[in-house]
Asks: 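Just passing along the structure, written as structure tokens.
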Amino acid sequence: MRVLFVTTEMDDFIRVGGLGAVSAALPRALRSFADIRIMLPGYRDIIEQLTHIQIVGRCPAFAEMPACSLGRAATKDGLPVYVLLCSQLYDRPGNPYGDEAGRDWPDNDIRFARFASAAAELAMGKLDKNWAADLIHANDWPASLVPAYLAWRGAKLPSILTIHNLAYQGLFPKDSLRRIGAPESSFHIDGVEFYDQVSFLKAGLVYASHLTTVSGTYAREITTAEFGCGLEGLLRLRSDAAELTGILNGIDESWDPRSCAQLAQQFGAGDWVGKRANADYVRKQFGLAVSRGPMFGIVARLVHQKGIDLVLSAADEIVDAGGQIVVTGSGEPALEQALIDAHRRRPDAIGVAIGFNDAQARRIFAGSDFTLMPSRFEPCGLSQMYAQRFGSLPIGHQTGGLAETITDGETGFLFSKPSHESFLGGVRRAFSAFMAQDQLDTMRRSAMGRSFSWSISAGSYSALYRKLASV
């Protein structure tokens, strides 16, 4: 079975959030089930890392979208990768979606509509004369127009859209319709229109053959007004028609503290001296005081969704009780600055590294006793899985994937509301467990024994692929 996996991030080359990790791991886990190929925009970072790109097709200009070429290459382990080559759209500094100051590119509608249109053409067999898809798997709002272009061109190809985070919808003014070559007739409540704007994500929700999201709990949550971001009615319809499925993400096998090369010292369950060596390394790296108290780690995008403000509001109590906090990530400038200010107030107890470094993140998971995840909502979340494998007990809000992957009181701590008091309740339970050595030891062993293998997710996706392709 031939599957085109359309994404705008892949850890091999470029990463902003969890989508990059999923796009690197899930297609690899699916290779035994399908001839699966990745399609990515030809960002500068990707082009620089691919050693040989063969031009296999060309897309003429369309509406206000420029002409471009399609290249084919491969990852180091042989996974086929298509890249859309158009320097005026993708050869830019910054991240895939915005400039170095974090502002969205003003032409993102054209950038990602051009990408989605080309993906539809490739899947239909119109770009690479040696390959066409039996099914197309699009991810998040930047690829959500793929099912729409298939429908507008009359293609009968089955498509899946995976919602990694419903809060990011790709909203543009109505005149985007003309710019991206979308039919005027699609601009209505049952089409791409969303409060008099064009919603790329809604287009995918309407036109995809099937919708998936990254946990069963989140699949239920997004059909409610609280989590549905204004799209809950449409999602309820798709869910009632058995066209919305939650499939939990996994993590790859490199998340094993016994063999992870980036750690200060490798360790397994029960080797708490090895774990402490990582804690000592992290304390030294962040300039924290020597301490026998608990270390609380945060490896996250520093955005409102992640509840970073709740951590800031609880920081003094954590530190006054003998804890230390270590943070790495990037995101909203105001939250970044607030964390830096907290570090300046308590430099011996609060360490902050703005930016993301994979090796540093792994050492924080390995060295910390607890991982803070007070997310207001969390479609799946990967940090709580990484943390458990590395013996750092997650403290998470009981929502989405956190509710599914943290066993309260056994492998971590869940709290019921994204509020200061509720979060502090989880933190206080963690302090109590830290003081009870037997309980801490039992919980760590349980957490480190968890398996979050991608093979489980891949089996579920493979079954869904086969079902859709046979309709």
Asks: Just by distance, with hydrogens left out, do Thr411 and Ser446 show a side-chain donor and acceptor under 3.5 Å apart?
Replies: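 Thr411 vs Ser446: no donor-acceptor pair found between side chains.
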Asks: Going by an N to O cut-off under 4.0 Å, is there a salt bridge joining Arg444 and Asp369?
Replies: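 A salt bridge links Arg444 with Asp369.
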Asks: Okay, side chain of Ser422, backbone of Ser416: is any donor-acceptor separation there less than 3.5 Å?
Replies: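 Between the backbone of Ser416 and the side chain of Ser422 there is a qualifying donor-acceptor contact (under 3.5 Å).
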Asks: State whether a side-chain donor-acceptor pair under 3.5 Å links Asn165 with Gln305.
Replies: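 The criterion, which ignores hydrogens and geometry beyond distance, is satisfied for Gln305 and Asn165.
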Asks: Centres of the Phe112 and Phe200 rings: under 6.0 Å?
Replies: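 No.
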Asks: Could you label the plane-to-plane angle of the Tyr386 and Trp255 rings as parallel, tilted or perpendicular, counting under 30° as parallel and over 60° as perpendicular?
Replies: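 Geometry flag for Trp255 against Tyr386: parallel rings.
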Asks: Can a donor-acceptor pair be found between the side chains of Ser455 and Ser453 at a distance below 3.5 Å?
Replies: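 Present: a donor and an acceptor within the cut-off.
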Asks: Quick one: does any side-chain atom of Ser392 pair with a main-chain N or O of Gln388 as donor and acceptor, under 3.5 Å?
Replies: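 No, because the side chain of Ser392 does not come within donor-acceptor range (under 3.5 Å) of the backbone of Gln388.
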Asks: Partners of Asp99 by salt bridge (charged side-chain N to carboxylate O under 4.0 Å, His left out), sequence neighbours excluded?
Replies: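 Per chain and number, Asp99 pairs via salt bridge (charged side-chain N to carboxylate O under 4.0 Å, His left out) with Arg103.
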Asks: Go through the structure and list residues passing side chain to side chain donor-acceptor pair (under 3.5 Å) with Asp104, not counting sequence neighbours.
Replies: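 By the side chain to side chain donor-acceptor pair (under 3.5 Å) rule, Asp104 matches no residue at all.
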Asks: Just to verify, what does Phe377 make a ring pair (Phe, Tyr, Trp, His ring centres under 6.0 Å) with, not counting sequence neighbours?
Replies: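 With neighbours one apart ignored, the set is empty.
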Asks: Take Arg301 and Ile308 through the test side chain to side chain contact (heavy atoms under 4.5 Å, CB included) and record every step on the way to the result.
Replies: CA-CA 9 Å; Arg301 283 182 300 114; Ile308 305 302; over 6 Å; no
Asks: I'd like to check the side chain to side chain donor-acceptor pair (under 3.5 Å) partners of Ser176; sequence neighbours left out, ordered by chain and number.
Replies: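 Only Asp109 meet the side chain to side chain donor-acceptor pair (under 3.5 Å) criterion with Ser176.
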Asks: Phe370: which residues meet the ring pair (Phe, Tyr, Trp, His ring centres under 6.0 Å) condition with it, sequence neighbours left out?
Replies: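 Listed in chain order: Phe296.
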Asks: Applying side chain to side chain donor-acceptor pair (under 3.5 Å), can you list everything that pairs with Lys306, at least two apart in sequence or on another chain?
Replies: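 Partners of Lys306 by the side chain to side chain donor-acceptor pair (under 3.5 Å) criterion, ordered by chain and then number, come out as Glu378.
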Asks: Can you tell whether the side chains of Arg15 and Asp45 come within less than 4.0 Å, N to carboxylate O?
Replies: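 Salt bridge absent between Arg15 and Asp45.
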Asks: Tell me which pairs pass salt bridge (charged side-chain N to carboxylate O under 4.0 Å, His left out) where either residue lies in residues 192-202, with sequence neighbours left out.
Replies: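 Every candidate salt bridge (charged side-chain N to carboxylate O under 4.0 Å, His left out) pair involving residues 192-202 fails, so no pair, neighbours aside, qualifies.
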Asks: Please examine the side chains of Pro379 and Glu221, heavy atoms only from C-beta on, and report whether any two atoms are closer than 4.5 Å.
Replies: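 Not in contact.
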Asks: Any donor-acceptor pair under 3.5 Å linking the side chain of Thr75 with the backbone of Leu79?
Replies: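 Judged by distance alone, yes, a pair lies under 3.5 Å.
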Asks: Just wondering, do His343 and Phe286 contact through their side chains at under 4.5 Å, heavy atoms?
Replies: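 No, side chains not in contact.
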Asks: Is there a donor-acceptor pair under 3.5 Å between the side chain of Thr371 and the backbone N or O of Pro394?
Replies: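 No, the answer is negative, given that no donor and acceptor are paired below the 3.5 Å cut-off.
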Asks: For the side chain of Glu404 and the backbone of Gly216, is there at least one donor-acceptor N/O pair under 3.5 Å apart?
Replies: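 Between the backbone of Gly216 and the side chain of Glu404 there is a qualifying donor-acceptor contact (under 3.5 Å).
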Asks: Would you say Asp408's side chain and Leu414's backbone share a donor-acceptor pair under 3.5 angstrom?
Replies: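 The answer is yes, because a donor-acceptor pair under 3.5 Å joins these two groups.
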Asks: Hey, what do you get for CG (Leu171) to CZ (Phe194), rounding to the nearest 0.5 Å?
Replies: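 Reported to 0.5 Å precision, the distance equals 6.5 Å.
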Asks: Kindly state each residue pair satisfying side-chain hydrogen bond (donor to acceptor under 3.5 Å, both in side chains) with at least one member in residues 80-98, sequence neighbours excluded.
Replies: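 Every pair satisfying side-chain hydrogen bond (donor to acceptor under 3.5 Å, both in side chains) with a residue in residues 80-98: Thr8-Tyr97, Glu9-Tyr97, Arg37-Tyr82, Arg44-Asp91, Tyr82-Asp128, Arg92-Asp107.
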Asks: Checking side chain to side chain contact (heavy atoms under 4.5 Å, CB included) for the pair Leu339/Leu312: CA distance, chi angles, key distance, verdict?
Replies: CA-CA 7 Å; Leu339 286 163; Leu312 287 162; 3.8 Å; yes
Asks: Asp140 side chain to Pro142 main-chain N or O, any donor-acceptor pair under 3.5 Å?
Replies: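 Side chain of Asp140 to backbone of Pro142: no pair is present.
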Asks: Is it the case that the side chain of Arg389 and the backbone of Asp256 share a donor-acceptor pair, with hydrogens and angles ignored and the cut-off at 3.5 Å?
Replies: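 No: the side chain of Arg389 does not pair with the backbone of Asp256.
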Asks: Please enumerate all residues that pass ring pair (Phe, Tyr, Trp, His ring centres under 6.0 Å) together with Phe423, with sequence neighbours excluded.
Replies: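 Scan of Phe423 (ring pair (Phe, Tyr, Trp, His ring centres under 6.0 Å), adjacent residues dropped) gives Phe415.
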Asks: Please, which pairs that meet side-chain hydrogen bond (donor to acceptor under 3.5 Å, both in side chains) have at least one residue in residues 324-337, sequence neighbours excluded?
Replies: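 The answer is Arg283-Gln324, Thr328-Gln360, Gln337-Asp341.
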Asks: In Å, rounded to the nearest 0.5 Å, how long is the span from CZ of Arg179 to CZ of Arg114?
Replies: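 Going from the CZ atom of Arg179 to the CZ atom of Arg114 covers 14.0 Å.
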Asks: May I ask you to say whether Arg276 pairs ionically with Asp280, meaning some side-chain N is under 4.0 Å from a carboxylate O?
Replies: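 Looking at Asp280 together with Arg276, the answer is no, because their closest N to O distance does not fall below 4.0 Å.
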Asks: Mind checking side chain to side chain donor-acceptor pair (under 3.5 Å) for Ser254 and listing every partner two or more places apart, or none if nothing turns up?
Replies: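 With sequence neighbours excluded, Ser254 shows a side chain to side chain donor-acceptor pair (under 3.5 Å) to Asp252, Arg362, given in chain and number order.
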Asks: Taking the side chain as C-beta and beyond, is there a heavy-atom pair between Tyr218 and Leu166 under 4.5 Å?
Replies: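 SC-SC contact between Tyr218 and Leu166 confirmed.
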Asks: Say whether Arg376 and His397, considering side chains only, have a donor N or O and an acceptor N or O under 3.5 Å apart.
Replies: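 Result is no, nothing qualifies.
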Asks: Look only at the side chain of Asn278 and the backbone of Ala366, and say whether a donor-acceptor pair between them is shorter than 3.5 Å.
Replies: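 Checked: no pair found.
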Asks: Are His420 and Ser313 close enough that a side-chain donor and a side-chain acceptor fall under 3.5 Å?
Replies: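 His420 vs Ser313: donor-acceptor pair found between side chains.
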Asks: Can you list the steps and then say if Glu253 with Trp454 is a side chain to side chain contact (heavy atoms under 4.5 Å, CB included)?
Replies: CA-CA 9 Å; Glu253 300 305 317; Trp454 269 112; over 6 Å; no
Asks: Does Phe267 have any ring pair (Phe, Tyr, Trp, His ring centres under 6.0 Å) partners at least two apart in sequence or in another chain, and if so, which?
Replies: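 Phe267 satisfies ring pair (Phe, Tyr, Trp, His ring centres under 6.0 Å) with no other residue.
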Asks: Using modelled atom types only, decide if a donor and an acceptor are shared between the side chain of Thr405 and the backbone of Gly401 within a distance under 3.5 Å.
Replies: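 Flag set: sc Thr405 to bb Gly401 pair under 3.5 Å.
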Asks: Considering only NZ, NE, NH1 and NH2 on the basic side and carboxylate oxygens on the acidic side, decide whether Lys76 and Asp12 come within less than 4.0 Å.
Replies: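 No.
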